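Atoms within each ligand, like the ligands themselves, are counted from 1 in listed order. Everything numeric here is computed off the predicted structure, so don't read it as measured data.
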Amino acid sequence: MSAQIIDGKAIAATIRGEIKAEVDAMQTRYSQVPGLATVLVGERKDSQTYVRMKKKACAEVGIASFSHDLPADISQADLLKVVQDLNAHPEVNGILVQLPLPDHINEEEILSAISLTKDVDGFHPINIGRLSMKRRAPLFVPCTPKGCIELLDRSGVEIEGRRAVVLGRSNIVGLPVAMLLLHRNATLTICHSRTQNLPQIVREADILIAAVGRPEMVKGDWIKPGAVVIDVGMNAVDDPAAAKGYRLVGDVAFDEAREVASAITPVPGGVGPMTIAMLLRNTLDGAKRTLE
Ligand code: NAP
Ligand code: LUD
């Protein structure tokens with residue numbers, strides 16, 4: 001039997017509709033809308049694409065966006081100054097510093113400089129620390145991990161008590177999504193590049209979150225029959241038949257996995273649009289907190 005396809009694109013569109021209604025209400029009641037500042041350093045094509053999509057999504061729901069496109073050779077001090085100015089800017093409720101930053105920039109120092117109340121990516125060490133502890137609420141939860149949980153919830157997938165396996169332990173996806181699953185009472189296994197017998201461990205998963213950045217690494221016969229698969233991977237692979245010369249694939253061999261899983265996210269159209277929807281949600285929530 002073929003798996004249910006979890007349509008992240010459609011779910012994200014529903015969420016953007018919910019956000020737009022709340023932004024409209026805020027505008028009516030307070031004559032104010034939420035504001036997001038985007039900080040893009042350098043000219044990486046993928047980062048440019050994602051930031052453009054984020055600004056377009058802001059416009060669609062009525063969130064104001066403030067662009068800061070900065071040269072790749074900007075100094076640490078100048079970038080820090082941009083962040084500090086945005087911290088003080090009254091119309092900015094959220095600050096997004098798109099990652100990765102150039103090698104000469106100290107990422108930790110930049111992310112730590114973002115005001116806790118404007119940290120809509122949830123990457124400030126204090127927010128990550130709170131996310132990782134019991135009963136310590138972070139002000140914001142990172143967007144991609146939050147989007148993964150939202151996809152499970154809106155697809156009616158039970159998390160509590162189930163075996164969850166997370167592939168990857170990065171600061172932006174693997175680690176925070178694992179913490180969220182733990183808070184929701186999953187029984188958790190985290191795998192990484194030194195994990196032994198990976199296929200065997202993946203076969204235990206009722207819920208599999210793949211975030212390794214290896215095209216189609218997870219094969220159909222690694223999936224437990226009936227498992228739910230959330231594929232975070234976004235990998236460009238050469239494809240002469242495609243208009244751009246490449247196509248996007250996930251970390252999971254989709255065609256094989258869909259024959260075994262009960263539900264699975266596609267790439268594109270799965271987690272990606274949810275990352276952007278969660279950024280809008282966090283920006284709106286930040287603005288609401290400021291007004292209250
Ligand atoms: P990352 O920082 O490169 O982390 C990759 C993780 O996977 C690391 O923990 C690494 O282990 C582990 N890993 C790598 N090769 C492995 C292997 N052969 N077996 C087991 N584990 C392995 O990547 P990331 O930023 O988390 O991103 C992961 C993927 O998600 C990428 O394709 C990225 O483009 C995509 N992504 C998508 C979204 C979205 O919104 N859809 C958002 C963010 C990222 P070690 O820790 O041992 O090195
Ligand atoms: N840095 C992110 N760096 C990279 N895909 C994203 C992403 C949308 N500070 C900071 O936005 O949250 C972040 N905060 N990230 N990412 C990756 C990561 C960051 C990835 C994919 C998409 C954001 C997305 O919308 C579409 C999809 O999967 O359907 C396809 C887009 C396309 O190129 O066609």
SB check E22 R281 (cutoff 4.0 Å): yes

Ligand 1 versus M217: contacting region, heavy-atom distance under 4.0 Å: side chain

N or O contact, Q98 vs ligand 2, cut-off under 3.5 Å: yes

Atoms of ligand 2 close to G269 [distance to a heavy atom under 4.0 angstrom, numbered from 1]: 27 (C), 28 (O), 29 (O)

Candidate with minimal heavy-atom separation from atom 29 (C) of ligand 1, of P268, G213, P176: G213

Contact check, C143 vs ligand 2, heavy-atom distance below 4.0 Å: no

Side-chain donor-acceptor distances from residues 127-134 under 3.5 Å, at least two apart:
{"unit_1": "N127", "atom_1": "OD1", "unit_2": "L139", "atom_2": "N", "d": "2.9"}
{"unit_1": "N127", "atom_1": "ND2", "unit_2": "D119", "atom_2": "OD2", "d": "2.8"}
{"unit_1": "S132", "atom_1": "OG", "unit_2": "I128", "atom_2": "O", "d": "2.8"}

Nearest option to atom 10 (C) of ligand 2, as decided by whichever heavy atom of L101, D121, L279 sits closest: D121

Atoms in ligand 2 with a heavy atom of V97 nearer than 4.0 Å: 9 (N), 10 (C)

Nitrogen or oxygen atoms of F123 and ligand 2 under 3.5 Å apart: no

Nearest neighbour in protein (non-hydrogen) for atom 3 (O) of ligand 1: V212 O, 4.6 Å

Nearest non-hydrogen protein atom, atom 6 (C) of ligand 2: K54 NZ, 3.7 Å

Interfacing atoms of ligand 2 (cut-off 4.0 Å, heavy-atom, P273): 25 (O), 27 (C), 28 (O), 29 (O)

Shortest protein heavy-atom distance from atom 36 (N) of ligand 1, along with the residue and atom involved: V232 O, 3.6 Å

L99 neighbourhood, listing ligand 2 atoms whose heavy-atom distance to it stays under 4.0 Å: 1 (N), 3 (N), 4 (C), 9 (N), 10 (C), 19 (C)

R44/D46 ion pair, N-O < 4.0 Å: yes

Nearest non-hydrogen protein atom, atom 1 (P) of ligand 1: S170 CB, 4.1 Å

Heavy-atom gap I276 to ligand 2 smaller than 4.0 Å: yes

Per atom 48 (O) of ligand 1, closest listed option by heavy atom (G270, P273, S193): S193

N or O contact, R214 vs ligand 1, cut-off under 3.5 Å: yes

Contacting atoms of ligand 1, where contact means under 4.0 angstrom from a heavy atom of N235: 32 (O)

G168: numbered ligand 1 atoms lying under 4.0 Å from its heavy atoms: 6 (C), 7 (O), 9 (O)

Side chain, backbone, both or neither: the part of T144 lying under 4.0 Å from ligand 1 by heavy atom: side chain

